[in-house]
Amino acid sequence: MANVPAIEIRDLHKQFGSLKVLKGISLTACQGDIVAIIGGSGSGKSTLLRCINLLERPTSGEIAIQGEPYRMKDARHGGLEIADRRQVQRIRAHLGMVFQNFNLWPHRTVLENVIEVPIHVLGMKRDEAIHRAEELLNRVGLGSKKDIYPAVMSGGQQQRAAIARVLAVDPLAMLFDEPTSALDPELVGEVLSVIRDLAAEHRTMLLVTHEMAFARDVATHVVFLREGIIEEQGPPDQIFGDPRSPHLKQFISSVA
Amino acid sequence: MSDPQTLASLTRPSRTPMLTKLPGLLEPHRIILLLIFIVGLVAAIQLMDWSWLPRYLPKLWEGLQMTLIMLVSSVVVGFLIALPLGLAQVKGAWPLRWLATGFCTVIRGTPLLLQLWLFYFGLGALFGQFPEIRDSWAWDYLRQAWPYGFIALTVSFAAYQGEVMRGAFAGVPHGELEAAKAFGMSRRKVFSRVWFPRAVHRALPTLTGEIILQLKSTPLVATITVMDLYAVITQVRQTTYLTYEPLLFLVAVYLCLSGVLIVGLRWLENRVPQH
Ligand SMILES: Nc1ncnc2c1ncn2[C@@H]1O[C@H](COP(=O)(O)OP(=O)(O)O)[C@@H](O)[C@H]1O
Ligand SMILES: [Mg+2]
């Protein structure tokens with residue numbers, strides 16, 4: 001079990017119409033790995049992340065979660081399509097995604113947001129779900145906010161609630177897509193510190209971010225994406241301390 | 001995002017706002033308006049002829065019931081029809097979308113009075129030509145006027161609300177649906193847990209206005225002999241030869257109904273803050 005990779009991506013291609021966004025990505029994340037994905041805007045970071053839970057359908061390639069490859073079939077007009085919707089839904093429920101814009105459900109209170117998936121997707125008992133959710137909200141510092149609605153919270157609070165919502169499914173792996181990019185600068189720290197705590201627990205995560213110092217700090221592995229290919233990857237000290245590719249050098253100096 | 005003051009008032013429904021609003025009622029201009037209202041009321045009671053009122057109370061009560069039945073049934077059934085109408089326009093295959101859009105456009109583009117008469121005189125006469133219908137249990141209802149009033153009001157409400165629901169379904173931010181999908185919800189769950197409640201939530205503010213408009217449309221059924229409150233008042237006027245008193249009474253009742261509806265629906269709306 002321990003040596004089955006949590007996420008394994010092989011030769012992933014994705015194109016939108018004639019626009020080739022991912023051009024052969026292979027990437028493995030083992031349990032406890034914290035993979036930071038960096039790269040310029042439009043390099044395909046979000047698309048890569050969204051292919052992992054099939055929010056985007058790959059054009060070709062294979063993705064396996066915990067050793068179980070998604071069952072796909074050839075689509076009529078090229079590319080792949082989902083062959084087994086149930087399987088995809090089952091796997092998705094264990095891949096928590098944190099979005100740039102939080103995407104909490106505004107018609108539900110914070111607590112209701114957190115218990116929603118455990119109850120209605122995983123079939124957990126309501127009492128148990130509430131009990132766990134309250135614990136998780138305390139953990140992310142929102143214990144006192146559980147009965148308010150997302151619309152009246154700050155961005156930082158909303159993102160922390162979104163992280164609690166993901167933790168509530170006890171995810172195999174967490175997918176973060178620029179979790180702090182939509183936040184006011186003074187709110188970035190509180191979200192990063194929650195993610196740092198999770199990293200310290202060795203939770204598996206893929207983290208797309210522009211926070212280079214943070215990536216260097218928490219990641220076990222860094223991937224530099226450029227124009228749909230992995231141009232360079234390695235341990236953070238090597239990527240940030242001794243970048244080989246001129247593009248990576250340039251990218252690091254431009255965001256630093 | 002928002003300041004701490006609104007934050008406090010926007011949490012789960014609390015009963016305090018009603019209390020804090022009370023002093024607001026006692027502002028000078030409010031007091032003056034209140035006085036004018038009381039003077040008017042006293043003058044109306046003293047100077048006008050209300051002797052007919054006790055005699056007609058039972059009939060007025062029946063009329064009010066009919067008005068409320070027409071309002072509530074057409075709003076509830078119309079809303080239920082509006083949901084698929086709105087959904088079909090946003091997500092339906094083209095024949096469905098086309099049908100739904102056509103229905104809403106035609107109904108909203110023609111006078112309710114005309115629809116009412118077409119249903120009553122047209123459909124009513126049509127039904128009467130089929131012995132199968134005439135001999136069936138349904139005829140007991142179909143030869144009365146109120147089913148046609150109900151149908152016309154329902155169809156009208158469905159068309160207006162269908163248009164509102166179209167916008168409400170289309171306007172739910174994509175990211176909220178995507179989050180539901182990303183957590184493994186089936187399409188049906190995404191709909192029942194997020195898309196649908198969010199659309200209704202977004203439609204609520206306009207729903208209040210539509211229901212008030214609907215209330216004000218109900219007197220039209222009096223033109224096809226349904227005995228609603230307005231029809232009863234018309235009868236009162238014809239038998240008592242009084243003009244203003246019955247009409248003033250009508251104004252008061254409709255105002256009260258509107259007021260209750262507005263307060264109730266606002267409360268419902270404010271339970272969940274919008275962005
Ligand atoms: N749904 C889509 N349809 C068409 N093009 C898209 C879509 N999503 C992303 N793209 C394009 O794919 C490229 C990569 O996008 P994205 O993965 O969002 O980049 P990043 O997250 O690295 O900024 C961009 O050129 C973007 O315009
Ligand atoms: Mg992106």
Side-chain angles (χ1 to χ4, degrees), chain A residues 49-50 52-56 85-113 116-122 144-158 162 165-166 168-169 171 175 177 182-184 187, chain B residues 1-17 83 165 167-207 265 267-275:
Chain A
L49 217 55
R50 292 162 53 81
I52 293 173
N53 58 12
L54 291 190
L55 285 183
E56 299 292 356
R85 196 162 287 285
R86 289 273 170 77
Q87 182 210 23
V88 173
Q89 284 161 4
R90 176 166 50 77
I91 294 176
R92 274 178 183 158
H94 297 284
L95 290 174
M97 189 172 233
V98 175
F99 300 85
Q100 188 172 345
N101 298 315
F102 334 128
N103 289 342
L104 291 169
W105 298 302
H107 58 302
R108 303 191 192 286
T109 64
V110 170
L111 183 76
E112 287 166 349
N113 265 274
E116 177 71 18
V117 180
I119 292 178
H120 293 280
V121 178
L122 304 178
S144 62
K145 305 263 186 234
K146 66 186 172 76
D147 290 327
I148 73 174
Y149 286 92
V152 295
M153 300 204 300
S154 74
Q157 290 171 332
Q158 290 192 53
R165 176 172 70 170
V166 163
V169 304
L175 311 172
D177 191 2
L183 299 178
D184 293 338
L187 302 176
Chain B
M1 284 227 125
S2 62
D3 61 17
Q5 264 183 340
T6 55
L7 202 145
S9 62
L10 284 173
T11 47
R12 270 265 146 125
S14 73
R15 274 158 197 84
T16 41
L83 297 175
M165 287 315 298
F169 275 116
V172 174
H174 186 63
E176 293 170 22
L177 304 178
E178 196 157 67
K181 197 169 147 189
F183 275 106
M185 286 194 194
S186 61
R187 284 181 192 174
R188 184 178 296 196
K189 274 266 158 68
V190 173
F191 179 76
S192 70
R193 300 296 308 171
V194 182
W195 202 19
F196 175 69
R198 273 289 279 146
V200 171
H201 178 212
R202 292 171 55 88
L204 266 186
T206 36
L207 188 62
L265 290 164
W267 176 81
L268 206 66
E269 221 173 273
N270 286 335
R271 281 169 47 107
V272 181
Q274 295 272 0
H275 280 296

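- At least one donor-acceptor pair under 3.5 Å links the side chain of A:Asn103 to the backbone N or O of B:Gly175.
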Distance-only criterion, 3.5 Å: show the donor-acceptor pairs between side-chain atoms of residues 87-96 of chain A and protein atoms not counting sequence neighbours.
unit_1: A:Gln87; atom_1: OE1; unit_2: A:Arg71; atom_2: N; d: 2.9
unit_1: A:Gln87; atom_1: NE2; unit_2: A:Glu68; atom_2: OE2; d: 2.9
unit_1: A:Gln87; atom_1: NE2; unit_2: A:Pro69; atom_2: O; d: 3.0
unit_1: A:Arg90; atom_1: NH1; unit_2: A:Glu68; atom_2: OE1; d: 3.3
unit_1: A:Arg90; atom_1: NH2; unit_2: A:Glu68; atom_2: OE2; d: 3.0
unit_1: A:Arg92; atom_1: NE; unit_2: A:Asn53; atom_2: O; d: 2.8
unit_1: A:Arg92; atom_1: NH2; unit_2: A:Leu54; atom_2: O; d: 3.0

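- Using a 4.5 Å cut-off between heavy atoms, B:Lys181 contacts chain A through both its backbone and its side chain.
- Taking every heavy atom of both residues into account, A:Arg165 and B:Phe183 meet most closely at NE-CE1, 3.5 Å.
- Of all heavy-atom pairs between A:His120 and B:Lys189, the closest is O-NZ, 2.9 Å.
- Scanning both residues, B:Ala182 and A:Phe99, for their nearest heavy atoms gives CB-CZ, 4.0 Å.
- Closest heavy-atom contact between A:Val121 and B:Met185: CG2-CG, 3.6 Å.
- Considering all non-hydrogen atoms of both residues, A:Trp105 and B:Glu176 come closest at NE1-O, 2.9 Å.
- Under the 4.5 Å side-chain criterion, counting only non-hydrogen atoms from C-beta, B:Pro197 is in contact with A:Arg108.
- For A:Arg85, the part sitting under 4.5 Å from any heavy atom of chain B is the side chain, from C-beta outward, and nothing else.
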